[in-house]
Asker: 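Before I ask anything, here is the structure I am working with.
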Number of protein chains: 2
Amino acid sequence: MSRGTRSGRPSEARTRLLGTATRIFYAEGIHSVGVDRIIEEAQVTRATLYRHFTGKEELVLAYLDQADQGMRAQITGARAPDAAPEDDVRAVARAIADGIRSPGFRGCAFLNAVAEYPDPDHPVHRAVLAHRQWFLETVTELLGRAGIEPADAAGRHFVMLRDGAMAAGCLFDPELVCETFLHGVESLLTGGAAASRA
Amino acid sequence: MSRGTRSGRPSEARTRLLGTATRIFYAEGIHSVGVDRIIEEAQVTRATLYRHFTGKEELVLAYLDQADQGMRAQITGARAPDAAPEDDVRAVARAIADGIRSPGFRGCAFLNAVAEYPDPDHPVHRAVLAHRQWFLETVTELLGRAGIEPADAAGRHFVMLRDGAMAAGCLFDPELVCETFLHGVESLLTGGAAASRA
DNA sequence: TCTGAGGGAGAACGTTCGGTCTCCTTCGAT
DNA sequence: ATCGAAGGAGACCGAACGTTCTCCCTCAGA
């Protein structure tokens, strides 16, 4: 999918371009930033952009693809090979909470993107759907391994909590959001016996 | 706030304008639709738009204000004066679920809007925050009346489920989303004893 | 040594953007 | 009867949009 340099790997200008696009798209949205902003901050010329990408849309898709890969790495990194399955779920939840608490958090890149691309047939919209499908399946499998039944309902519940936490994380107090989220995940794991903590 | 006709109420052109803007903004986003589209579909002229609104931004604010009023009406309408407090919560949840299931549902107008206006100082962003604050307080009060303690934590939990449901409602199967949401609300009300239904 | 891709610099393309303007008509209230 | 707001029709503005183009330089691989 990524058409880098003919001879070998990424190309420095392309890396700078994609990195800058990622930072700006995530922080400010997609439709509201023009290619001029991106090429300026990436310190490349207009021609360089269009040598590596067919247009802005492909840049957006590359941005989401990078975010997708980052999240996959984050999740596989959070799982411990010899831990209890429930602890893998907790680790994933903790990783999500850490992201929400981190400075510069601006919500879920995919939920933000899909808000700007409502058309279900649009490539960007489809990329979001594909990512979410993978995430749901991954979480469901993790919960099933942890013995939570029915696993698919639990997976949907987990994703719903996550979506709500990601959406509210940059609109409310992130600490309270994370507390609520982790609490919800815990009661999902223990079957609702975690209503003790404030 | 609404500067309608000098002599009396709304003015028909203004109503058409706001209705069209509401429909298009909700269905397609804000930045990606221009004023030309709106004045064309509202069948008014350019001058008429700028006679009733100072610019596009004020039109966006009016759109969100209308959505806010609609939701307030929906919630006060869902509450029954002589019902048990928990049933008021259930009624609100059911109203939300009905919205998600309805055709043309495209997520939460406020979450969608704030994804396009990340700047916390922007009037549109602030309008979203104000709406969400009202909603959180309203739900928290309802839950407190129902005897759910601590009410503020329960309110945040409810809002988190709602946000997740609204976000996923137009990306997954709405039926499953609603089922998951209502199930989550029920277990919030009964203290986690609602893990029986599939 | 040559060749061709990568990249810089920048002009230019046509389109759309949000917004302002003038001119004319309708119509209700004073 | 008249005055002024509401509205239609449409020209117009400068700016930004995404995109394509030419020209030149550099540098690594064949």
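All chains are named by letter (A, B, ...) in the order of the sequence lines, taking the proteins before the strands, and each is independently numbered beginning at 1. Quick caveat: nothing in here was measured; it's all calculated off a predicted structure. Values reported hereafter were calculated over all heavy atoms of this structure, with side chains retained and with hydrogens, waters and symmetry mates removed.
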Asker: Please evaluate the base of D:dG10 for a donor-acceptor partner in the side chain of B:Arg46 within a cut-off of under 3.5 Å?
Answerer: no
Asker: Rounded to whole angstrom units, what separation is found between the CG atom of A:Asp36 and the P atom of C:dA11?
Answerer: 14 Å
Asker: Need one value for A:Glu57: base, sugar-phosphate or nothing, where a base atom within 4.0 Å counts as base even if backbone is also close, heavy atoms only.
Answerer: nothing
Asker: Just the rounded figure in Å: distance from P of C:dT16 to CD of B:Glu40.
Answerer: 12 Å
Asker: Here's a test of your reading of the structure: between A:Lys56 and B:Ala13, which maps to the more 5' nucleotide of DNA chain D?
Answerer: B:Ala13
Asker: Taking only side-chain nitrogens and oxygens of A:Thr45, does any of them come within less than 4.0 Å of OP1 or OP2 of C:dG10?
Answerer: no
Asker: Given the ring of B:Phe172, does A:Arg132 sit roughly above its face, with NZ or CZ under 6.0 Å from the centre of the six-membered ring and within 45° of the axis?
Answerer: yes
Asker: Between D:dA6 and B:Thr48, is there an OP1 or OP2 to side-chain N/O distance shorter than 4.0 Å?
Answerer: no
Asker: Using a 6.0 Å distance limit plus a 45 degree cone around the ring axis, check whether A:Arg126 lies over the aromatic ring of A:Tyr117.
Answerer: no
Asker: Send over the distance from A:Phe53 CZ to C:dG6 P, rounded to a whole Å.
Answerer: 13 Å
Asker: Tell me the interatomic distance from B:Gln43, atom CD, to D:dG10, atom P, rounded to whole angstroms.
Answerer: 14 Å
Asker: Choose from D:dA9, D:dT19, D:dA6 the nucleotide whose nearest atom is closest to any side-chain atom of B:Ala47.
Answerer: D:dA9
Asker: Taking the six-membered ring of A:Phe135 as reference, does the NZ or CZ atom of A:Arg72 fall below 6.0 Å from its centre and within a 45° cone about the axis?
Answerer: no
Asker: Please determine whether a side-chain nitrogen of the Lys or Arg among B:Arg23 and B:Glu41 lies less than 4.0 Å from a carboxylate oxygen of the Asp or Glu.
Answerer: yes
Asker: Whole Å only: how far is the CD1 atom of A:Ile39 from the C1' atom of D:dA16?
Answerer: 13 Å
Asker: Let me know the distance between OH of B:Tyr50 and P of C:dT22, rounded to the nearest Å.
Answerer: 17 Å
Asker: For A:Arg51 and D:dT19, what is the distance between atoms CZ and C1' respectively, to the nearest whole Å?
Answerer: 14 Å
Asker: Should we count CD of A:Gln74 as having more than 12 external heavy atoms under 6.0 Å?
Answerer: yes
Asker: Distance check needed: D:dG8 C1' versus B:Glu12 CD, whole Å only.
Answerer: 14 Å
Asker: Quick check on D:dC17: is either OP1 or OP2 less than 4.0 Å from any side-chain nitrogen or oxygen of A:His31?
Answerer: no
